[in-house]
Amino acid sequence: MSPSPKGPLLLGVRHHGPGSARAVRAALEEAGPAAVLIEGPPEGDALLVLAADPGMRPPVALLAHAADDPGRAAFWPLADFSPEWVAIRWAQEAGVPVRFMDLPAAHSLAVDGAADGAADADHRESDAVRLDPLAVLAETAGYDDPERWWEDVVEHRGAGGVREEVLGAFEALGEAMGALREAYGDGGHHRDLVREAYMRQRMRAARREFGDAYAVVCGAWHVPALRAKTTVAADKALLTGLPKVKVETTWVPWTHRRLARAGGYGAGITSPGWYAHLFSAEDRPVERWLTKVAGLLRAEDRQVSSAHVIEAVRLADTLAAMRGRPLPGLTETLEAVRAVMCDGSDIPLALIEDRLVVGDVLGEVPDGAPVVPLQRDLTRQQRSLRLKAEAQDRELELDLRKDTDTAKSLLLHRLRLLGIEWGTPTASRGSTGTFRETWRLRWEPELSVRVAEAGIWGTTVLAAATAKAEADAAGSAELGEVTELAERCLLAGLSEALPAVLRALADRAALDTDVSRLAKALPALARSLRYGDVRGTDAAALGTVAAGLAERICVALPPACAAGMDADAAAELRGHVDGVHGAVTLLADADEGLRERWSAVLRTLAGRDTVPGLIRGRAVRLLLDDGRLPAEETARLMGLALSPAVAPADAAGWIEGFAGGSSGGGTLLVHDDRLLGLIDTWLVGVPERAFTDVLPLLRRTFGAYEAGVKRTLGELVRRGPGGSAAAGAGSSAGSAGFAPELDLVRADAVVGLVRMLLLAPGGVAAA
């Protein structure tokens, strides 16, 4: 059946509406137009043929970006249940021409920059107040929820096969939009006037080619404007002088999650997974949906039986009948699930909403889709390494002693250096050894834009990452930036970029005199040397730079710890001291003299009264842990730091430096009678007024201890002198639970277990 002789067939739809999609297919089958125009950028016309490729699996998006600035990009997402996608596939199956008719991306990108591409104007963000047509129509009909109104009016209507019923629905929706536009004008969608002028031009071109025997599929909001009688000259005037950029287009995978409005997509829907289900399950959709829900809950070890499904269906039907709805909608089904399958709990319901209502379905595009060379190389490596791009989070454990795992690590690190954050390093739940890496992977559609942007650096991931690292080294202004870059180059195996990075590193280190920046840079260099050893990378030149940096820190640090330093500055410098100490430990394997020089610096800091107590206490603790300070000397220094002549705030700072944070200070105090006794004696003698001032420091110090350590310390202090290890220096009396001598029989009982723990996979020996 042909379109009406009064004009072309205008099918106004809601983007990503399964009811609209079914109605569009029914209308096209009834009308049989000679051509179909779709709302979208004409630059995508050449790519429409790929929609019929077996390798094309929605959701996908048409991506357009400025050729000289890939970051200026726009997307036109399409799902299986999008009316535009259904119209494209119908035209291809029917063998009739199908074309895009919206304003070219060459103009929209020149005006908008990097805005979300639109099949409809309500996609894009704006400071102006924009009318939501569906919200107005829903409110007029007495609904407080536009989604619920749309479900009742459109989604729960059968597509039917009768021309009058199907086309009548489109006619009614078009008339409603016409009334809205008469009342509200453009509704704040000011750029739509330009877009609609271009659409009318494309319709005139179609009329010259096909007469009125063509169909238009567009957002319902545009239908009144496309029916309006306007002159060619008026439309041309709106389009004259528009800026323009050169554009490249391709198809990219998309996700259901990115179709959701919660993801920032202006024309998004609240429940793409639910809509996909409605589109694919025309028969008994509620029963099929609740069966999916039951399957998900069973996979999460919840007891859900067939009886639960039957009861949930009955409850959903009852709720819909009570509310006068033609069928249960998402609201009724979720309420039924909460009551019947979730025992009234919102926790499993949140899982259902995340996995099924929204969903993580990731589309696929065929190999024939045009891509930048960098994307082609990335795809090749993904397949070779069996690293599939997935929309949901997943953890990847790597053992760098295996060649394949090393290759995966190098690829992910190179992509991160290029700004393509497919993988994020995370703490491992197993071994903490340097041969282990844990990544959290998640592919987002926007990463396709990042790949296009990174294409300016090279045609392969390795070449692009190398060029980017060299450029970053030349442009880095601070020493810390270059040291971080050196570490990332070693992690990414960019040996060709290292010379340029090391030259920049040596230049910045020679000119920088700020000891804080020097101390901040050294740990990254030390880590880089360790990673170089693990990955077989030659980092000898980096060791020379690191050793020189450590020498400068040893000279400059004591003068920098001057009197009068405020608490924040002292805390920052204490962190740098910890970092340098760890770095020296790594570097000392190649230079034992460095360890001695650093120990001399710590002794200087520990014994100098002008150094803030926080740093003095930390220096004493580091020397004690390294076995370079006898216990007697430690007790002497603590006694001096906690003497009545010392200001309580400075004394509390000393304690925080010595026993605070994650340094194991609590365990040390449990097992050292004298140190605990000294702190206990000092604390009891703090004047009442001063105690209020030092209390926050003490809470910060002791509050970080594990609960068991705090309980033990409390018990030791409660027992008091003569009854506990806290009796003070020189006390050797035992108490309940603490023997005066080592019990060898009890100690031998745990030797086997300790050996098993140390030699187990991922244990200390493995690390």
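Atom set for the values below is all heavy atoms of this structure, side chains included, hydrogens, waters and symmetry mates excluded. Residue numbers start at 1 and run along the sequence shown.
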Between Thr249 and Glu43, is the side-chain hydrogen bond (donor to acceptor under 3.5 Å, both in side chains) condition met? List the steps. CA-CA 7 Å; Thr249 57; Glu43 292 93 341; over 6 Å; no
Could you walk me through whether Glu287 and Thr291 pass the side-chain hydrogen bond (donor to acceptor under 3.5 Å, both in side chains) test, one step at a time? CA-CA 6 Å; Glu287 290 84 347; Thr291 302; over 6 Å; no
Tell me, with the steps shown, if Leu180 and Met177 meet side-chain contact (heavy atoms from CB on, under 4.5 Å). CA-CA 5 Å; Leu180 288 179; Met177 292 298 172; 4.0 Å; yes
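At distances below 3.5 Å, not a single donor-acceptor pair connects side-chain atoms of Asp317 with backbone N or O atoms of Pro328.
Nearest heavy atoms, Leu48 versus Val98: CD1-O, 3.3 Å. Considering every non-hydrogen atom in both Pro41 and Asp102, the closest pair reads N-CB, 4.2 Å. For Leu173 against Ala220, the heavy-atom pair with the smallest separation is CD2-CB, 3.8 Å.
For the side chain to side chain contact (heavy atoms under 4.5 Å, CB included) with Glu421, the qualifying choice from Glu444, Arg450, Arg416, Arg442 is Arg416, the only one to do so. The side chain to side chain contact (heavy atoms under 4.5 Å, CB included) test with Val357 is passed by exactly one of Val293, Thr270, Thr333, Leu334: Leu334.
Taking the six-membered ring for Trp and thresholds of 30 and 60 degrees, His256 and Phe81 have ring planes inclined between 30 and 60 degrees apart.
Taking Trp289 as the reference, Trp274, His277 meet the ring-ring contact (aromatic ring centres under 6.0 Å, His included) condition, with sequence neighbours excluded. Taking Arg380 as the reference, Asp377 meet the side-chain hydrogen bond (donor to acceptor under 3.5 Å, both in side chains) condition, with sequence neighbours excluded.
Using a 4.5 Å heavy-atom cutoff, the side chains of Val449 and His65 are not in contact.
In this structure, CE in Met56 is found 9.5 Å from CG in Leu78, a value given to the nearest 0.5 Å.
Crowding of Arg394 atom CZ: a count of heavy atoms from other residues, nucleotides or ligands under 6.0 Å exceeding 12.
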